[in-house]
Trainee: 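Before anything else, here's the structure in question.
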Amino acid sequence: MDKMPKWADVILTPLISLILAMGISALVILAIGESPWMALTTMVEGALGSSYGWGFTLYYATNFIFTGLAVMVAYHAALFNIGGEGQAAMGGLGVALVLLYLPLPHWALALPVAMLGAAAFGAAWAFIPAWLQAKRGSHIVITTIMFNFIAAAVLSYVLVNLLRPVGSMDPASARFPAETALPRLSELAASVGIAWGRNTPVNITFLVAVLACVLVWLLIWRTRLGYEIRALGKSERGAVYAGISPVRITIVAMLISGGLAGMMAINNVMGESGRLVLNAVEGAGFIGIAVALMGRNHPFGIFLAALLFGFLYQGGGELALWTSIPRELIVVIQALVILFTGALDNMVRMPLERLFLALRRNGGQAR
Amino acid sequence: MAAPGDMTGGRPDAAAPAAIELRGISKAFGPVQANRDISLSVPKGTIHGIIGENGAGKSTLMSILYGFYKPDEGEILVNGQPINIADSQTAIRAGIGMVFQHFKLVQNFTVLENIILGVEDGALLRPSLSKARGVLKRLAAEYQLNVDPDEVIENLSVGHQQRVEILKALYRQADILILDEPTGVLTPAEADHLFRILEGLRDEGKTIILITHKLREIMEITDNVSVMRRGEMVASVRTAETSPEELAELMVGRKVLLNVSKAPARPAAPVLEVRDLTMVDADGVERLRQVSFDIRAGEILGIAGVSGNGQTQLLEILGGYPEKGARVSGEVRMNGAALPLSGRGCDSRQRRRDGIGHIPEDRQVEGLIMDFAAWENVAFGWHDAPEFSKGALMDNDAIRRDAQAKMERFDVRPRDCHLAARNFSGGNQQKIVVAREIERNPDLLLIGQPTRGVDIGAIEFIHKRIVELRDAGKAILLVSVELDEILSLSDRVAVMFDGRIMGERLPGQTTTGELGLLMAGITDTENTPDSAGIPPGVTQDALPEGSA
């Protein structure tokens, strides 16, 4: 018997956590002498109040969907992949190489090829920690976080020494061919006569991300591979008994995870900047951990959590723009949300469970 | 109060206050009523058995007595005095000692250090240690509780570790000793020795509460017995005035067949041939030594032995997953074809294709994924079967239908295939595993501890299904630490000790005593075991892995 109804588990708990985080954020804002209410309205207005705000919110959310899904797939195999940052960075390199060196005449052709490049580079970057974990028992948390640093170093070397156009002072690659530029959602909207989200970076990758949510859901809950990943995640000895190879599944799950993280590069590198720059990932790999935790490691939850963090990102930017609340405080607010929805999940969950048990005992004669 | 000597007949002086009296104890965990209005009186100087199926509430009741849980209602009297047992310290001060099923000893401490742990007299250890040494000497002489005080725990056999637990309680001046399933890990000889110790303690006036699910032990050693069923105390009787059949009926609430009725086996051609199977684990320890046996179609070969003597390794190798880093040699033939014992082809999936089913020893760690729903578990290990697939995807509807049907046929309760495995009782979890493996109709079924932690009603059912499979002409390898189970199910019995097969017997022509000696590694009848019955080889590794 479950301790509480599904809706309370999936919706009520994160919601209360969120409210708690907002409450403390409000106190912090009060403490520096600003108005929490004004801060909230500024954020909501800036992130959700216009199609322009939405455009940015969805752009950020797209990044977080990919990195969140990456964390989720590994998590179901009981692997904590915190290397999304590095895998996404390498995915960016994959996209850049594909777009710079392959002749791709149209974005519709460039998109799938770039996706392959991004996924292959992200997966390759996840493969080494996966192999070390599966064969050598090196802890994946340690190795993936190390690989984030290595990826950053590799990327700056490649950008400065190999991809930087001659004569440029900027550690960035050349611009990708114009014909490979992905259509923005604003352009798609304009083509059917709707003026939506002009000058926002959200592009067709958002739709790819939504599709990825569906595919990952299918993978984990409807395929044999997903079944084996979940079985290994729950009990390694059980998996061995059932003829599931822990080595194979560990590596496969990490390849998928790294591939998903790498695919984020379609959004930021190909869709937004049109060239590869240093630190293009901007922490989205780490946000993915919070997104997966808050989304209860379910694609639908991850979609919602990614929207929330997209809102926090965009709203936070607006806050810094329009109020005297310093940029650092936005990071504090985001951290509080992560803290409450991820790390302190049980703080809310356990009293709730007790409450529901008590309710059931009192009103439960029907059972 | 009568002299201790009068107690041995189980006739305590009615005038003396009971050592322990419980009045109307109730305890609920959420919606589960673990104990309901329990009253119990244990006279001083008696051995009192508490028997009941898994989940009947025995452990909860004892945890209340030892201060781990607070009862919702009711009161506890110790020696006639009402007492509020808030924690285990209070229980110890009231003279209650507990010997847990899973010992709570520090493995790399010596016996003495373990005994004074928590009751040191001061900052310096030496005075406490020498005091304990004296007390230990006296106790050892008084109750035949001899253990080397300076030996490190991990070098002791399980039986000796248990003695340390008892000594710990006595050192804390326990007058009332509670033992939770004390014989689960002991050889028959060790168990006998334990019973002699308990009788000695009783004769000195100590009160003993023995929690067990083994009827034989209750009949053998207790003065009085109380039966629990579904959180309630359904009967308290003099042991001399009851019978195993009556107790079993009280436990289950209906008539139970204690002995498996089965026709004589009609063995046909050999299905499994094992020759000189030897296995050295990653640490270089030889776990199996030249094991050879055959199992024919239509017979059950029982493997008896104290757990940790190679049975687990044997099942794992036959099941296709020898532990990592192990070196396996020898030959195993299944229906005439050699089975790979390492490398490619040696995996449990391939074994299933070869017609080998496997009910693993530990259903919670291997046989089931506890967080998976029952229906997902019904496909576990068989999840690549064609009837469970729909193109690239799994056919979850087909699996659910199959699961529901199997749960129907095996009477798994509650009959809800969407419930997670962990929400079923031990017996029903095991039925899910048994249904999954038996209904695949394997040529060879490997069974490890089929009824560990399973209630009597389910035991009867599982035994029946195993015999039916045999009668259908299948070969069955049965590994169990329960001698009774081995003797009643098997057509032939092999005894394992220290990785060797010590001998084979026919169940009709052997005794528990003879098997017990073989289990202790003694084949030569002149060479009787020492009083403890501890064979030299049975040490730490005799502890069952994960006997939860």
Side-chain angles (χ1 to χ4, degrees), chain A residues 1-4 6 9 75-78 134-137 214-250 296-297 350 352-367, chain B residues 28-33 315-316 319-324 346-353 358-372 376-377 379-385 388-396 399 414 416 418-424 433 436 448 545-546:
Chain A
M1 185 170 3
D2 293 329
K3 287 188 176 126
M4 54 183 183
K6 192 115 185 137
D9 180 53
Y75 178 88
H76 278 284
K135 288 281 192 187
R136 297 262 162 246
V214 177
L215 290 179
V216 167
W217 177 81
L218 272 175
L219 167 78
I220 294 294
W221 280 285
R222 286 293 180 275
T223 67
R224 263 191 301 284
L225 177 61
Y227 181 92
E228 298 189 348
I229 287 176
R230 286 184 295 127
L232 175 69
K234 294 292 184 189
S235 162
E236 177 163 350
R237 278 182 58 197
V240 168
Y241 158 81
I244 298 165
S245 157
V247 171
R248 193 180 82 92
I249 297 298
T250 297
R296 312 282 298 147
N297 286 295
M350 282 162 71
L352 262 186
E353 281 176 359
R354 251 176 266 139
L355 179 72
F356 274 96
L357 274 179
L359 283 177
R360 189 180 299 166
R361 209 180 317 157
N362 292 337
Q365 272 76 8
R367 281 187 79 90
Chain B
F29 297 100
V32 182
Q33 191 77 35
L315 284 177
E316 285 177 355
Y321 55 104
E323 64 182 62
K324 250 191 212 154
C346 176
D347 83 73
S348 51
R349 200 176 298 217
Q350 186 56 43
R351 292 287 206 270
R352 287 190 180 89
R353 291 197 192 109
H358 186 180
I359 298 168
E361 289 187 298
D362 193 332
R363 62 177 164 271
Q364 303 198 334
V365 174
E366 292 193 340
L368 295 168
I369 299 288
M370 298 300 276
D371 289 331
F372 274 16
E376 287 177 292
N377 272 301
F380 193 49
W382 304 94
H383 51 277
D384 52 358
F388 290 160
S389 300
K390 201 167 55 182
L393 304 184
M394 285 176 90
D395 190 347
N396 288 351
I399 300 174
D416 177 1
H418 293 279
L419 219 53
R422 72 168 68 260
N423 294 327
F424 289 88
V433 179
R436 179 181 74 209
E545 298 140 295

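Only a predicted model underlies this, so the values are computations on that prediction, with no experimental measurement involved. In what follows, every chain begins at residue 1, and chains take the letters A, B, ... in the order their sequences are listed.
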Trainee: Only pairs of heavy atoms separated by less than 4.5 Å count here; which of B/Asp416, B/Asp347, B/Leu368, B/Asn396 has the most with chain A?
Mentor: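 Ranked by heavy-atom pairs under 4.5 Å with chain A, first place is B/Asn396.
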Trainee: Does any heavy atom of chain A fall under 4.5 Å from the side chain of B/Phe372, the backbone, both, or neither of them?
Mentor: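 Contact with chain A is through the side chain of B/Phe372 alone.
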Trainee: For the OH atom on A/Tyr75, are there more than 12 heavy atoms of other groups (residues, nucleotides or ligands in this structure) within a distance under 6.0 Å?
Mentor: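 No, the 6.0 Å shell around OH holds no more than 12 heavy atoms from other groups.
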Trainee: Is chain B contacted by the side chain of A/Arg354, its backbone, both, or neither, given a heavy-atom distance below 4.5 Å?
Mentor: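 When you check distances to chain B, no heavy atom of A/Arg354 falls under 4.5 Å.
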Trainee: Mind listing the closest non-hydrogen atom pair of A/Val240 and B/Ser348 along with its distance?
Mentor: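 In terms of heavy atoms, the two residues are closest at O-OG, 3.0 Å.
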Trainee: CD1/B/Ile369 to NZ/A/Lys234 distance, rounded to the nearest 0.5 angstrom?
Mentor: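 Here the rounded value is 9.0 Å.
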Trainee: Tell me, for B/Leu393 versus chain A, whether the close heavy atoms (under 4.5 Å) come from the side chain, the backbone, both or neither.
Mentor: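 For B/Leu393, backbone and side chain are both near chain A.
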Trainee: Under the side chain to side chain contact (heavy atoms under 4.5 Å, CB included) criterion, do B/His383 and A/Ile244 qualify, and how do the steps go?
Mentor: CA-CA 10 Å; B/His383 51 277; A/Ile244 298 165; 3.8 Å; yes
Trainee: So what's closer than 4.5 Å to chain A heavy atoms on B/Arg436: side chain, backbone, both or neither?
Mentor: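 For B/Arg436, the contact with chain A is made by the side chain alone.
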Trainee: Think B/Arg351 forms a cation-pi with A/Tyr241, using NZ or CZ under 6.0 Å from the six-ring centre and within 45 degrees of its axis?
Mentor: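 So B/Arg351 doesn't make the cation-pi contact.
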Trainee: I need the A/Leu225 CG to B/Met394 CE distance, nearest 0.5 Å.
Mentor: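 Spacing of CG (A/Leu225) from CE (B/Met394) equals 11.0 Å.
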Trainee: Going from CG on B/Asp395 to CZ on A/Arg222, what distance comes out if it is rounded to the nearest 0.5 angstrom?
Mentor: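 Spacing of CG (B/Asp395) from CZ (A/Arg222) equals 10.0 Å.
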Trainee: To the closest 0.5 Å, what do you measure between CZ (A/Arg237) and CD (B/Gln364)?
Mentor: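 So the CZ of A/Arg237 and the CD of B/Gln364 are separated by 11.5 Å.
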Trainee: Less than 4.5 Å apart, any side-chain heavy atom of B/Ser389 and any of A/Arg224?
Mentor: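 A side-chain contact exists here, since the closest heavy-atom pair is under 4.5 Å.
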Trainee: Name the member of A/Ser245, A/Ala239, A/Ala231 that forms the most heavy-atom pairs with chain B at distances under 4.5 Å.
Mentor: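 Maximum pair count with chain B is reached by A/Ala231.
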Trainee: Is the number of heavy atoms from other residues, nucleotides or ligands within 6.0 Å of CZ (B/Arg353) greater than 12?
Mentor: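 Above 12, so yes.
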Trainee: Does any backbone or side-chain atom of B/Ala420 lie under 4.5 Å from a heavy atom of chain A? Answer side chain, backbone, both or neither.
Mentor: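 Nothing of B/Ala420, per the 4.5 Å heavy-atom cut-off to chain A.
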Trainee: Heavy-atom cut-off 4.5 Å, strictly under: side chain, backbone, both or neither for B/Glu376 against chain A?
Mentor: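 Contact with chain A is through both the backbone and side chain of B/Glu376.
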